[in-house]
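Notes follow once the structure below has been shown.
Sequence lines set the chain letters: A, B, ... in the order given, protein chains first and strands last, and positions in each chain run from 1. Excluded from the calculations below are hydrogen atoms, water molecules and symmetry mates; all remaining heavy atoms, backbone and side chain alike, are included.
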There are 2 protein chains.
Amino acid sequence: MANCNDINSNLTNTSVNELKSEKALAHLAKALAHPARIRILKILFKLDQLGGCLNSNLVSELGLAQSTVSEHLRVLIKAGFIDATPQATKVCYQISTKQLNYFSNLFATTYQ
Amino acid sequence: MANCNDINSNLTNTSVNELKSEKALAHLAKALAHPARIRILKILFKLDQLGGCLNSNLVSELGLAQSTVSEHLRVLIKAGFIDATPQATKVCYQISTKQLNYFSNLFATTYQ
DNA sequence: GCCTATAATCGTATTTTAACGATTAATAGG
DNA sequence: CCTATTAATCGTTAAAATACGATTATAGGC
């Protein structure tokens, strides 16, 4: 049950690094905070398992306009969850499992 | 290196349940998508370790207006990351480690 | 060189979020 | 009862996110 002592919050003093990593965590969470982007990552994750990547045909898959999908991709790339490599006239999008793990670990270490 | 085959995205067919859990993940991520809320959870997490909870003195801690903090708390409560129990004129806020774990697992199972 | 395909960027409208001060509701204490 | 404390809610303003069509830039194929 809840103890609910009125604990002085000065006990929870904060370092600069702590605030920095919290800000980073919030920033990454923001990139994940949309169903379309979660969906994109899922598709890219599955393709990664199959040894491929996406020469974007996401538009029909998501039912969103090309420019909208492009914007979602931009957000994910900026957050490091996706790598984009140009290929002829197309672009190859690949998930960054490294960044997925980074997020997972950052979350775990923040609240452990 | 990137294979980048133009894999048919029909391979990544989607179930209704998959879409539902993806939407849930996005919703939870959205609740985490602000530094102040990450901070609040951190403070509550630390207090939980000390066997206490917060009769909100977060206002001075965060340097935000009382109504703003209240709104952030509302978002976190709605997402299930915080439980609130009234205590006299105050309210006791406690972190839900269960929900933290749920989020962590949902993320892991989505991309594993 | 010109046409096509792809995807980023631009411009814009709409919606959502964030923040604050002010007000309200609830309860404890005198 | 009245008062003080606490926290939610209201009203409003400002900022950011979302979405789309239209345009632009790049590169390959003819």
Side-chain angles (χ1 to χ4, degrees), chain A residues 2 4-9 22-23 26-41 43-44 47 52-79 81-94, chain B residues 2 4-9 22-23 26-41 43-44 47 52-79 81-94:
Chain A
C4 291
N5 298 313
D6 193 0
I7 290 178
N8 189 330
S9 72
E22 285 173 16
K23 200 177 164 190
H27 181 254
L28 292 177
K30 196 169 189 176
L32 298 174
H34 195 288
R37 293 197 288 270
I38 294 288
R39 186 95 272 274
I40 289 170
L41 289 181
I43 291 169
L44 292 179
L47 288 176
C53 74
L54 196 64
N55 291 324
S56 188
N57 42 359
L58 282 171
V59 174
S60 57
E61 185 75 19
L62 295 175
L64 294 171
Q66 180 264 320
S67 56
T68 305
V69 172
S70 185
E71 171 67 10
H72 283 307
L73 288 169
R74 194 191 61 79
V75 171
L76 289 169
I77 290 164
K78 185 164 156 251
F81 286 116
I82 288 181
D83 296 316
T85 54
Q87 291 242 323
T89 53
K90 301 184 175 184
V91 176
C92 169
Y93 302 102
Q94 271 193 302
Chain B
C4 291
N5 299 313
D6 192 1
I7 288 178
N8 189 330
S9 72
E22 284 172 17
K23 199 177 164 189
H27 182 254
L28 292 177
K30 196 168 188 175
L32 299 173
H34 195 287
R37 293 197 287 269
I38 293 288
R39 187 95 270 276
I40 288 170
L41 289 181
I43 292 168
L44 291 180
L47 289 175
C53 74
L54 196 66
N55 291 325
S56 189
N57 42 358
L58 281 170
V59 175
S60 58
E61 185 74 20
L62 295 175
L64 294 171
Q66 179 264 320
S67 55
T68 304
V69 173
S70 185
E71 171 67 9
H72 282 307
L73 288 168
R74 192 190 63 78
V75 171
L76 289 169
I77 289 165
K78 184 163 155 253
F81 286 116
I82 287 180
D83 297 316
T85 54
Q87 291 242 323
T89 53
K90 300 184 176 184
V91 175
C92 170
Y93 301 103
Q94 270 193 303

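- Here the side chain of A/R37 pairs no donor or acceptor atom with the backbone of B/A26 at under 3.5 angstrom.
- Both A/A33 and A/A88 sit near DNA chain D, but only A/A33 has its closest nucleotide nearer the 5' end.
- Atom CD1 of A/I82 is separated from atom C1' of C/dA8 by 15 Å (rounded to the nearest Å).
- Smallest separation of non-hydrogen atoms from B/A36 and B/L64: CB-CD1, 4.0 Å.
- An OP1 or OP2 oxygen of D/dT26 is reached within less than 4.0 angstrom by no side-chain nitrogen or oxygen of A/T89.
- Put simply, NZ on B/K78 is 15 Å from P on D/dA8, counting in whole angstrom units.
- In this structure, B/V91 and A/K30 both approach DNA chain D, and ranking their closest nucleotides by distance from the 5' end singles out B/V91.
- Regarding contacts with the backbone of C/dT17, every side-chain N or O of B/H72 stays at 4.0 angstrom or more from both OP1 and OP2.
- With sequence neighbours left out, the side-chain hydrogen bond (donor to acceptor under 3.5 Å, both in side chains) criterion links A/H34 to no other residue.
- OP1 or OP2 of D/dA8 sits under 4.0 Å from a side-chain N or O of B/S70.
- A straight line from CD1 of A/I38 to P of D/dT18 spans 12 Å, rounded to a whole angstrom.
- At whole-Å resolution of the value, CG in A/L58 and P in D/dA19 are 14 Å apart.
- Nearest heavy atom pair, residue A/Q66 against residue A/V59, reads CA-CG2, 3.7 Å.
- Atom CD of B/E71 is separated from atom P of D/dG11 by 15 Å (rounded to the nearest Å).
- Here the closest non-hydrogen pair linking A/Y93 and A/L44 is O-CD2, 3.5 Å.
- Of all heavy-atom pairs spanning A/L28 and A/A79, the tightest one is CD2-O, 3.5 Å.
- In plain terms, the two heavy atoms of A/A31 and A/L76 that are nearest each other are O-CD2, 3.8 Å.
- Separating the CD atom of A/Q87 from the C1' atom of D/dT26 is a distance of 15 Å, rounded to the nearest angstrom.
- Atom CG of A/N55 and atom C1' of C/dT6 are 10 Å apart (whole Å).
- Straight-line distance from the CG atom of B/L62 to the C1' atom of C/dA18: 14 Å, rounded to whole Å.
- The phosphate of D/dT6 has neither OP1 nor OP2 within less than 4.0 Å of any side-chain N or O from B/Y93.
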Can you give me the N/O atom pairs linking the protein to nucleotides 20-25 of chain D at distances under 3.5 Å, or say none if there are none?
{"from": "D/dC20", "atom 1": "OP2", "to": "A/A65", "atom 2": "N", "distance (Å)": "2.9"}
{"from": "D/dC20", "atom 1": "OP2", "to": "A/T68", "atom 2": "OG1", "distance (Å)": "3.0"}
{"from": "D/dG21", "atom 1": "N7", "to": "A/S67", "atom 2": "OG", "distance (Å)": "3.2"}
{"from": "D/dG21", "atom 1": "O6", "to": "A/S67", "atom 2": "OG", "distance (Å)": "3.1"}

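- Ranking D/dT6, D/dT9, C/dA8 by closeness to the B/R74 side chain, first place goes to D/dT9.
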